Amino acid sequence: MERHGELIFVPFGGGHVRAWAERLAPLARPEFHLYDHELPPETELRQQAAAAVNQRSQCQAVLTKKRCLENYLHSDAIFAAGDIHVQFDDFDCVAELTARELYRQRPGEIAWQLQARRSQSRMANRAKRWLNTKAVEQMTPAMLAEQDSDGEITSWMLAINELLES
């Protein structure tokens, strides 16, 4: 649908969520906003942004029930993508855990804890990109059903479909 000009995905990568809640409003087109849940106090800011979007006609915003999209990945998909064993729960930072594991596998490096916070952040951002491209490609319907037993992702797709048909 994106290739046919019927739908546009605008990944804004965090930032000021409240600004994005209103940025596309002048276009007067249906919108679906998906915000990572994150952790407080960021969660409250995202809830406020979602509430603002939900007040507009033909617009819907939701927060993920898990911390972020990477938490919907199955650990087997991550392993299949890069021989990395990562265990996590719904509110762990999967990107950071993956970055730590990738870093741990590099021989002769200093301990992760001794790395500058900026370096850790850069490595986590690279891991996040990798998770959202390579690891996601390894997901199967069975893995998704296990990681998303509430059917959240399906509900998002159905909501987008409804907005497109309205």
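Numbering starts at 1 and runs along the sequence shown. Please read these numbers as outputs of a predicted model, since none were measured by experiment. Both backbone and side-chain heavy atoms feed into the values below; hydrogens, waters and symmetry mates do not.
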Asker: Between Arg104 and Trp112, is there a side-chain heavy-atom distance shorter than 4.5 Å?
Answerer: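 Trp112 does not reach Arg104 side chain to side chain.
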Asker: Keeping Asn71 on the side-chain end and Cys68 on the backbone end, is there a donor-acceptor pair under 3.5 Å?
Answerer: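 Such a contact is found between Asn71 side chain and Cys68 backbone.
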Asker: Does a side chain donor of either His85 or Gln87 reach within less than 3.5 Å of an acceptor in the other side chain?
Answerer: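 No.
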Asker: Would you please indicate if the ring centroids of Tyr35 and His37 are separated by under 6.0 Å?
Answerer: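 Ring centroids of Tyr35 and His37 are no less than 6.0 Å from each other.
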Asker: With a 4.5 Å limit on heavy-atom distance, are the side chains of Leu27 and Leu24 in contact?
Answerer: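 Answer yes - side chains close enough.
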Asker: Return yes if some donor-acceptor pair links the side-chain N/O of Glu152 with the main-chain N/O of Lys65 below 3.5 Å, else return no.
Answerer: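 A pair under 3.5 Å: yes.
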Asker: Would you give the length of the straight line joining atom CD of Gln55 to atom CD of Glu22, rounded to the nearest 0.5 angstrom?
Answerer: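 If I round to the nearest 0.5 Å, the distance is 8.5 Å.
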Asker: For Thr43 and Glu38, test the side chains for any donor-to-acceptor distance below 3.5 angstrom and give the result as yes or no.
Answerer: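 No.
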Asker: Checking side-chain contact (heavy atoms from CB on, under 4.5 Å) for the pair Ile84/Trp130: CA distance, chi angles, key distance, verdict?
Answerer: CA-CA 12 Å; Ile84 301 165; Trp130 179 82; 3.8 Å; yes
Asker: Verify, without hydrogens or angle tests, whether Asp148 (side chain) and Leu144 (backbone) share a donor-acceptor contact under 3.5 angstrom.
Answerer: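 Such a contact is absent between Asp148 side chain and Leu144 backbone.
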Asker: Does Glu31 use its side chain to pair, donor to acceptor, with the backbone of Cys59 at less than 3.5 Å?
Answerer: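 No, the answer is negative, given that no donor and acceptor are paired below the 3.5 Å cut-off.
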Asker: Do any N or O atoms from the side chain of Asn54 and from the backbone of Ala50 form a donor-acceptor pair under 3.5 angstrom?
Answerer: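 Side chain of Asn54 to backbone of Ala50: a pair is present.
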Asker: Which heavy atom in Asp36 sits nearest to a heavy atom in Leu63, and how many Å separate them?
Answerer: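 So the two residues come closest at O-CG, 4.5 Å.
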Asker: Applying a strict under-4.5 Å side-chain criterion to I, L, V, M, F, W and Y, I'd like to know whether Leu163 and Ile160 cluster together.
Answerer: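 Leu163 and Ile160: one cluster.
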Asker: May I ask you to check whether His74 and Phe79 place their ring centers less than 6.0 Å from one another?
Answerer: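 Ring-ring flag for His74/Phe79: false, centres at least 6.0 Å apart.
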Asker: Treating Arg18 as the side-chain partner and Leu45 as the backbone partner, does any N or O pair qualify as donor plus acceptor under 3.5 Å?
Answerer: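 No.
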Asker: Return yes when atom CZ of Arg29 has more than 12 non-hydrogen atoms of other residues, nucleotides or ligands closer than 6.0 Å, and no otherwise.
Answerer: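 Result for CZ/Arg29: open.
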Asker: If you look at every heavy atom in Phe32 and Ala159, which pair is closest and at what distance?
Answerer: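 In terms of heavy atoms, the two residues are closest at CE1-CB, 3.7 Å.
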Asker: For Arg67 and Leu39, indicate whether the former's side chain and the latter's backbone hold a donor-acceptor pair under 3.5 Å.
Answerer: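 Looks like no, no N/O pair under 3.5 Å.
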Asker: If every non-hydrogen atom of Ala95 is compared with every non-hydrogen atom of Ala124, which pair is closest and at what distance?
Answerer: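 In this case the closest contact between Ala95 and Ala124 is CB-O, 3.5 Å.
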Asker: Side-chain contact, heavy-atom cut-off 4.5 Å: Phe12 with Val17?
Answerer: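 Phe12 vs Val17: side chains touch.
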Asker: Can you confirm if the aromatic rings of Tyr72 and Trp156 lie within a centre distance of less than 6.0 Å?
Answerer: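 Yes; Tyr72 has its ring centre under 6.0 Å from that of Trp156.
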Asker: Give, for atom CD of Glu146 and atom OG1 of Thr140, the distance between the pair rounded to the nearest 0.5 Å.
Answerer: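 The CD atom of Glu146 sits 9.0 Å away from the OG1 atom of Thr140.
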Asker: Distance check, rounded to the nearest 0.5 Å: Gln138 atom CD versus Leu131 atom CG?
Answerer: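 It comes to 12.0 Å.
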Asker: Would you say Asp92's side chain and Asp89's backbone share a donor-acceptor pair under 3.5 angstrom?
Answerer: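 Yes: the side chain of Asp92 pairs with the backbone of Asp89.
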Asker: Side chains of Leu73 and Met139: closer than 4.5 Å at any heavy-atom pair?
Answerer: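 Sidechains of Met139 and Leu73: in contact.
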Asker: Go through Glu70 and Lys128 one step at a time and tell me if the side-chain contact (heavy atoms from CB on, under 4.5 Å) criterion holds.
Answerer: CA-CA 8 Å; Glu70 294 82 29; Lys128 187 176 187 82; 2.9 Å; yes
Asker: Measure across Ala77 and Ala135 and return the closest heavy-atom pair with its distance rounded to 0.1 Å.
Answerer: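 Of all heavy-atom pairs spanning Ala77 and Ala135, the closest is CB-O, 3.6 Å.
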Asker: Using atom types as modelled and distance alone, determine if a side-chain donor or acceptor of Ser121 lies under 3.5 Å from a backbone N or O of Arg117.
Answerer: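 Looks like no, no N/O pair under 3.5 Å.
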Asker: Is there a side-chain contact between Phe88 and Ile78 (heavy atoms, below 4.5 Å)?
Answerer: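 Yes - at least one pair of side-chain heavy atoms lies under 4.5 Å apart.
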Asker: Applying side-chain contact (heavy atoms from CB on, under 4.5 Å), run through Gln115 and Met123 and close with a yes or a no.
Answerer: CA-CA 10 Å; Gln115 285 289 326; Met123 287 184 269; 4.1 Å; yes
Asker: Counting only heavy atoms not in Leu164 (residues, nucleotides, ligands), do more than 12 fall under 6.0 Å from its CG?
Answerer: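 Counting neighbours around CG of Leu164, more than 12 heavy atoms of other residues, nucleotides or ligands fall under 6.0 Å, so yes.
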Asker: Establish whether Leu102 and Ile110 are linked, either directly or via other cluster members, by ILVMFWY side-chain heavy-atom contacts under 4.5 Å.
Answerer: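 They do not share one cluster, since no chain of ILVMFWY contacts under 4.5 Å joins Leu102 to Ile110.
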Asker: May I ask you to decide if Lys66's main-chain N or O and Asp90's side chain share a donor-acceptor pair within less than 3.5 Å?
Answerer: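 No.
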